[in-house]
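Keep in mind that the numbers below use all heavy atoms, side chains included, and drop hydrogens, waters and symmetry copies. Predicted model only: the values in this text are computed from it and were never measured.
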Amino acid sequence: MTRFQQVNLALGVGLLTLIATLPRAQTFDEAARMNFALATDRCLDVMIARNLPNASFSQAGFAYRGVDRGINSYGVHRGVDHFFDAPAETARATVDAPDRIAGICSVLTTHMPETAAAAIVQQTILRQFPNAQINSPTQWSVRRADGLPLIISTRTIGTNHRYEKPGTVQVSMSYPG
């Protein structure tokens, strides 16, 4: 092998090594799964640790968006929906109020089937709470120190939902009662 060939071989090996160590671009599906898992984690944070949603989601890179639902035909204000959106509309969380302890927290996505979402939810829950109770493949319970269980469940929204498009996967977290 000539000196020229040796140098080219060394440069080629060095270039391949450099390419192998460069971070790989994230696909949209990977981003959707990661943001869904992060939103689930943040919902657990606001429900179990009782941290304020605005701080918890904002620090994780979610953007707040309030949507006024208007007034119904009886003149009653329907309220405001509070969303925390992940980048590229990959996932979003909704809470009853962004600046007080949450009574309910939900995560929504249109970018994966319910079975994949449930697997992510279960992995996220069991990583933080290994003693969580698995009630079914789509429902879990996590007990707090005060004894009330946080009920976590997934479902796919059908055609009769007022605000979400059919096929949207929702994870709901709330306490009984």
Side-chain angles (χ1 to χ4, degrees), residues 26 29-70 77-157 161-165 167-177:
Q26 187 179 54
D29 287 341
E30 290 169 335
R33 290 176 188 278
M34 288 180 67
N35 288 334
F36 181 81
L38 182 57
T40 300
D41 180 75
R42 296 297 77 211
C43 266
L44 285 170
D45 180 61
V46 301
M47 296 302 291
I48 300 277
R50 312 304 275 168
N51 289 319
L52 298 180
N54 208 3
S56 187
F57 283 100
S58 297
Q59 290 169 1
F62 288 77
Y64 172 75
R65 177 175 51 96
V67 177
D68 189 329
R69 294 187 307 172
H77 186 254
R78 292 181 177 154
V80 176
D81 286 333
H82 303 282
F83 296 103
F84 290 95
D85 298 320
E89 299 179 5
T90 51
R92 73 176 185 278
T94 181
V95 296
D96 46 354
D99 54 358
R100 69 172 194 251
I101 294 174
I104 189 167
C105 190
S106 295
V107 179
L108 301 124
T109 188
T110 58
H111 300 292
M112 70 184 75
E114 184 178 345
T115 53
I120 290 170
V121 171
Q122 181 165 311
Q123 180 183 23
T124 304
I125 292 168
L126 293 178
R127 185 182 73 245
Q128 292 183 38
F129 307 100
N131 295 328
Q133 182 177 345
I134 301 170
N135 303 330
S136 76
T138 59
Q139 188 182 63
W140 307 265
S141 299
V142 176
R143 289 218 176 261
R144 289 190 26 205
D146 64 8
L148 283 177
L150 176 65
I151 307 298
I152 304 153
S153 61
T154 60
R155 74 180 183 110
T156 301
I157 294 173
H161 196 278
R162 180 181 285 172
Y163 302 110
E164 300 299 333
K165 76 180 195 182
T168 299
V169 174
Q170 178 181 27
V171 178
S172 295
M173 299 184 190
S174 62
Y175 293 98

How about [X] and [Y]: do any of their side-chain heavy atoms sit closer than 4.5 Å?
X: M173; Y: L44; answer: yes
X: I120; Y: V171; answer: no
X: V121; Y: F36; answer: yes
X: W140; Y: L126; answer: no
X: T109; Y: N35; answer: no
X: V107; Y: R42; answer: no

Under 3.5 Å, side chain of [X] to main-chain N/O of [Y], donor-acceptor pair present?
X: Y64; Y: F57; value: no
X: T94; Y: H82; value: yes
X: Q133; Y: S141; value: no

* Which atoms form the tightest heavy-atom contact between H111 and E89, and what is the distance? -> NE2-O, 3.0 Å
* Which atom names give the shortest non-hydrogen contact between P176 and P149, and what distance separates them? ->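 Closest approach of P176 to P149, heavy atoms only: CD-O, 3.1 Å.
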* How long is the gap from CE on M47 to CG on L150, to the nearest 0.5 Å? -> 5.0 Å
